[in-house]
Amino acid sequence: MQLTAWVNGRFLPLDESTIHIEDRGFQFADGVYEVIACFGGKFLELDAHVDRLQRSCEGIGIRLLKSRPELIELIHETYRRNPFDHAMIYVQATRGVAPRSHLITQAVEPTLVITSRELPFPSSEKLSAGASAITLPDIRWKRCDIKSIALLASVIGKQEAARQNVDEAFWLDDEGHLLEGCATNCFAVINGDIVTHPLDHQVLGGITRYLALKVAREHGITVVERPWKLDEPGLTECLMSSTTNAVVAVSHIDKITIGDGKAGPVSLKLRQWMLDEFEAMKQ
Ligand code: PDD
C-alpha cells in the first residue's frame with residue numbers, strides 16, 4: 001500500500017521520501033512532534049495538538065515556516081491522501097539541516113514532516129482484562145513537558161516492558177511516585193477520586209489526560225492532581241491515557257494485581273464517557 005508523506009514542502013510517496021543526513025533531528029534529536037487521532041475524517045482536539053506543537057517549538061526555539069491555518073490544512077491534506085479511515089497523523093518538526101555542530105550559528109529552515117498511519121484500537125480482551133505495566137526509575141531529561149523527538153529513554157522503557165511481556169513502563173521519581181508512561185499519562189483511583197501527577201517538567205500535558213479529567217469532573221468524580229504511589233491505602237484502580245488508546249485500565253503493575261485484576265468500574269465508565277465525548281465532538 002503506497003502511503004503519502006508531506007516532506008519539506010511537498011507530498012511524496014512515503015518510500016521515496018528522505019531527510020538529509022545532516023538534519024539536526026537525525027544528528028541531535030533536535031526536534032519536536034505531535035500524534036493526532038482522526039476518526040473517519042474528524043480530528044480529535046486538533047487545535048489543542050497544534051497549540052502543544054507550537055509550545056514545544058517555542059520551548060526549543062524552532063520557528064515553523066507554516067502559519068497555523070497552513071499547518072492545519074496540511075494535516076487535513078495528509079489525512080486525505082492516505083487510505084486510513086481512522087488514522088493517527090504524525091507531525092514532526094526539527095531545527096533543520098546544518099553541518100554537525102552542537103552550537104547552531106546559522107539560520108536554518110526547520111524540517112517539517114507529516115505522515116499518516118492506521119489508528120490501532122485496543123482489543124476488547126485488553127479492555128476488559130486491563131493492560132499490564134512495569135515501573136522503572138525515570139531516566140529521562142527534565143523537560144518532559146516538551147514533546148521532544150528525543151525518545152531514547154522511552155524506547156528503552158518500552159523494550160523492557162516488551163521483554164517482561166507487559167504493555168507499558170511507568171516512570172518513577174526518586175521517591176517512588178508514578179509520573180507517566182513511555183507514551184501515556186497514568187492515573188489511580190484512590191478512595192473513589194481520580195489521582196494523577198500534576199503537570200510539571202516531569203510529565204507531558206497529554207491532550208487525552210486533559211479530556212479524561214474534564215469528563216471525569218463533569219460526571220461528578222473528584223480529580224486530585226498530586227504525586228501518588230502504588231501502595232497507597234484505598235487505591236482500587238489504575239489507568240493510562242493517550243491519543244492512541246483513549247483511556248485503558250491497567251490491572252497489573254510489577255506483577256502486583258490492582259483491585260480485582262481486571263478493568264474496574266471507574267476505568268470502564270470513564271472510557272465509555274470519553275468515547276461518548278469523542279462522538280459528540282465529531283458532530
Ligand atoms: N505519546 N506522555 C508521554 C510521554 C507521551 O509520549 C504521550 C503520547 C502521552 C499522552 O499524550 P496524548 O494524550 O496527548 O497523546 C503522555 C504519543 C501517542 C506517541 O508518542 O506516540
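Atoms considered below: every heavy atom in the structure, side chains included; atoms not considered: hydrogens, waters and symmetry mates. Remember, it's a predicted structure, so these values are computed and weren't measured experimentally. Each ligand, and each atom within it, is numbered from 1 in the order the structure gives.
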Taking non-hydrogen atoms only, is Ile207 closer than 4.0 angstrom to ligand 1 via side chain, backbone, both or neither?
both
Quick one: look up the protein heavy atom nearest atom 13 (O) of ligand 1 and list residue, atom name and how far away it is.
Thr208 OG1, 2.5 Å
Please tell me whether Phe43 and His76 form a close aromatic pair, meaning their ring centres lie under 6.0 Å apart.
yes
Any donor-acceptor N or O pair under 3.5 Å, side chains Asp23, Thr111:
yes
Member of Arg68, Arg80, Lys66 meeting the salt bridge (charged side-chain N to carboxylate O under 4.0 Å, His left out) criterion with Glu73
Arg80
Judged by heavy atoms only, the candidate from Ala48, Ala212, Ala183 nearest atom 5 (C) of ligand 1 is Ala183
I need the atoms of ligand 1 closer than 4.0 Å to a non-hydrogen atom of Tyr33, numbered in the order shown.
6 (O), 19 (C), 20 (O)
As an exercise, identify every atom of ligand 1 less than 4.0 angstrom from a heavy atom of Leu204.
2 (N), 3 (C), 5 (C), 7 (C), 9 (C), 11 (O), 16 (C)
Atom indices of ligand 1, in the order listed, that fall short of 4.0 Å to a heavy atom of Arg52
11 (O), 14 (O)
Donor-acceptor pair, side chain of Glu22 and main chain of Arg100, under 3.5 angstrom
yes
Would you find more than 12 non-hydrogen atoms of other residues, nucleotides or ligands less than 6.0 Å from Phe11 atom CZ?
yes
Pull out every atom of ligand 1 sitting under 4.0 Å from any heavy atom of Gly181, numbered as shown with elements.
4 (C)
Identify, for atom 1 (N) of ligand 1, the protein heavy atom at the shortest distance, and state residue, atom and that distance.
Lys147 NZ, 3.3 Å
Among non-hydrogen protein atoms, atom 10 (C) of ligand 1 lies closest to Asn185 OD1, 3.7 Å
Could you list which atoms of ligand 1 come closer than 4.0 Å to a heavy atom of Gly206?
11 (O), 12 (P), 13 (O), 14 (O)
Short version for Val203: what comes under 4.0 Å of ligand 1, heavy atoms counted, is neither
For ligand 1, is Gly205 a contact, meaning one of its heavy atoms is under 4.0 Å away?
no
Review item, side-chain donor-acceptor pairs of residues 188-196, under 3.5 Å, at least two apart:
| residue | atom | partner | partner atom | Å |
| --- | --- | --- | --- | --- |
| Thr196 | OG1 | Cys186 | O | 2.7 |

Heavy-atom contacts with Thr243 under 4.0 Å: which atoms of ligand 1 show up? List them by number with element.
12 (P), 13 (O), 14 (O), 15 (O)
Go through ligand 1 atom by atom and flag the ones less than 4.0 Å from a non-hydrogen atom of Val35.
17 (C), 19 (C), 21 (O)
On a heavy-atom basis, the closest approach of Met274 and Val215 is N-CG1, 4.3 Å
Could you tabulate the donor-acceptor pairs under 3.5 Å formed by side-chain atoms of residues 117-127, not counting sequence neighbours?
| residue | atom | partner | partner atom | Å |
| --- | --- | --- | --- | --- |
| Ser123 | OG | Lys126 | N | 3.1 |
| Lys126 | NZ | Asp167 | OD1 | 2.7 |
| Lys126 | NZ | Asp167 | OD2 | 3.2 |

Are Lys229 and Glu175 within salt-bridge range, i.e. N to O under 4.0 Å?
no
Evaluate whether atom CG of Asp174 has more than 12 neighbouring non-hydrogen atoms of other residues, nucleotides or ligands under 6.0 angstrom away.
no
Evaluating non-hydrogen atoms only, which member of Ser241, Cys182, Cys186, Cys144 is closest to atom 4 (C) of ligand 1?
Cys182
Please identify which atoms of ligand 1 are closer than 4.0 Å to at least one heavy atom of Glu180.
2 (N), 3 (C), 4 (C), 16 (C)
